[in-house]
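To start, the structure itself, in structure tokens.
Since the structure is predicted, the reported quantities are computational estimates derived from the model, not experimental observations.
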Amino acid sequence: MAGLAVNIDHIATLRQARGTRYPDPVAAALIAEMAGADGIVAHLREDRRHVQDRDVRLLRQVVQTRLILEMGVTPEMIGIALDVKPDLVTLVPERREELTTEGGLDLIVHRDKVSEAVENLKSAGITVSVFIDPDVEQIKVAHRISADMVEIHTGTFCDEISGPRREKAFADIVNAAKVADKLRLGVNAGHGICYTSIKAFAGLHEIDEFSIGHSIVSRAAMVGMDAAVREMRALIAGL
Ligand code: PXP
């Protein structure tokens, strides 16, 4: 059964919207774990728009499952990761003006920089994943630069409601997952997955873990974090 890593960024977004001390993403992480999350994800962005340094350090102390730090490939973030020592770092592209991570990291263009980051983080005992588009050439580079895992960008597929673009996007994900698995890379998937689109992944057993944030936090606003995580967990168990 695939795992579920719950991204708590948007609990922090809500807190930052009013500059209050609540809601606390650390509290949300603990509830998510009690509801069955297999890992907690936080994206420490360069502009600190949601998750703060304090959150990452507290999460490191209290998370009982696995702490997954998403971050851009910058000297500042690599320094923080080497200090905090999350269980897994997922390297992502980052542009200040984007609403969320838009597209995967281009390993062909940024190969040297990413390769050096992978080496630094791995030598500190941190498992490293790279967030990439479902593209076989990107998967091959991830393997060549010795990343431990890939996270396949599912956003293009999830954003399309129906039609040939959706079908093509899903076929690309299936192909990328199979190639990555053959190369013995760990395979995670994430971005844009909701309570409906998760069902499309039934039978795609190459995926080790789903990384899901926005839809879970949105549902949590309606039914509570515990119920929101349990529901997603049950959907993944049924895939
Ligand atoms: N994976 C990566 C690399 C991301 O950047 C994000 C968004 O922070 C997610 C997964 C989760 O995406 P969503 O919030 O759409 O579930």
Side-chain angles (χ1 to χ4, degrees), residues 2-5 7 9 39 41 43 45-46 68-74 77 88-118 121 127-194 196-215 239:
L4 168 63
N7 179 316
D9 290 354
V41 188
H43 183 174
R45 295 187 72 102
E46 194 189 343
I68 300 153
L69 181 63
E70 264 181 33
M71 54 180 232
V73 191
T74 67
M77 289 302 154
L88 171 70
V89 160
T90 302
L91 297 172
V92 301
E94 197 176 297
R95 279 180 290 127
R96 273 175 187 270
E97 65 279 12
E98 67 192 358
L99 273 182
T100 178
T101 314
E102 292 165 5
L105 196 53
D106 189 336
L107 297 183
I108 294 161
V109 173
H110 302 292
R111 178 177 175 143
D112 291 349
K113 186 171 78 166
V114 179
S115 173
E116 193 186 327
V118 169
L121 293 163
T127 304
V128 186
S129 176
V130 285
F131 180 61
I132 52 178
D133 288 335
D135 172 336
V136 171
E137 291 313 308
Q138 297 286 340
I139 305 271
K140 286 183 186 161
V141 181
H143 178 247
R144 279 189 216 115
I145 64 173
S146 303
D148 298 296
M149 5 194 9
V150 292
E151 181 178 328
I152 298 173
H153 181 31
T154 51
T156 309
F157 163 68
C158 293
D159 291 347
E160 294 286 337
I161 292 165
S162 61
R165 279 162 58 101
R166 178 177 160 90
E167 280 162 33
K168 157 88 168 66
F170 194 70
D172 289 346
I173 292 171
V174 172
N175 193 29
K178 289 188 186 296
V179 171
D181 185 60
K182 273 216 180 90
L183 291 171
R184 299 190 183 284
L185 287 160
V187 185
N188 291 344
H191 214 282
I193 299 175
C194 69
T196 306
S197 54
I198 187 70
K199 295 172 189 161
F201 294 88
L204 187 51
H205 298 300
E206 285 78 6
I207 295 181
D208 297 306
E209 189 161 81
F210 293 95
S211 177
I212 309 179
H214 187 260
S215 65
L239 292 179

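Minimum heavy-atom separation, R166 to E160: NH1-O, 3.0 Å. Of all the heavy atoms in E206 and V187, the pair that sits closest is O-CB, 3.4 Å. Across all their heavy atoms, S211 and E70 have their closest contact at OG-OE2, 4.3 Å. Taking all atoms of both residues into account, the shortest heavy-atom contact from A5 to I68 is CB-CD1, 3.8 Å. The two residues S197 and G192 have their closest heavy-atom pair at OG-O, 3.9 Å.
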Which donor-acceptor pairs under 3.5 Å do side chains of residues 139-148 form with protein atoms, sequence neighbours excluded?
residue : atom : partner : partner atom : Å
D148    : OD2  : V128    : N            : 2.7

Side chains of residues 107-118: which donor-acceptor partners sit under 3.5 Å, not counting sequence neighbours?
none

- [ ] Quick one: do L4 and E209 satisfy side chain to side chain contact (heavy atoms under 4.5 Å, CB included)? Show the steps, please.
- [x] CA-CA 6 Å; L4 168 63; E209 189 161 81; 5.9 Å; no
- [ ] Determine, step by step, whether Q138 and D106 satisfy the side chain to side chain contact (heavy atoms under 4.5 Å, CB included) criterion, reporting the C-alpha distance in whole Å, the side-chain angles of both residues, the deciding distance to 0.1 Å, and the verdict.
- [x] CA-CA 7 Å; Q138 297 286 340; D106 189 336; 3.1 Å; yes
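Here the side chains of D208 and N188 are in contact, with some heavy-atom distance below 4.5 Å. Counting only heavy atoms from C-beta outward, the side chains of F157 and I152 never approach each other to under 4.5 Å. F131 places none of its side-chain heavy atoms less than 4.5 Å from the side chain of L91. Side-chain contact between L88 and L69 is absent, with no heavy atoms from C-beta onward closer than 4.5 Å. The shortest distance between side-chain heavy atoms of C158 and H191 does not fall below 4.5 Å. Contact annotation: the side chain of H43 approaches that of E94 to within less than 4.5 Å [non-hydrogen atoms, C-beta and beyond]. Within the 4.5 Å cutoff, the side chain of F170 has no heavy atoms near those of the T154 side chain. Taking 4.5 Å as the limit, every side-chain heavy atom of T90 sits out of range of all side-chain heavy atoms of V130.
A distance of 7.5 Å separates OG1 of T156 from CD1 of I173, quoted to the nearest 0.5 Å. The NZ atom of K178 sits 9.5 Å away from atom CD1 of I207, with the distance rounded to the nearest 0.5 Å. Taking NZ from K199 and OG1 from T196, the interatomic distance works out to 5.5 Å, rounded to the nearest 0.5 Å.
Partners of K168 under the side chain to side chain donor-acceptor pair (under 3.5 Å) rule, at least two apart in sequence or in another chain, are D172.
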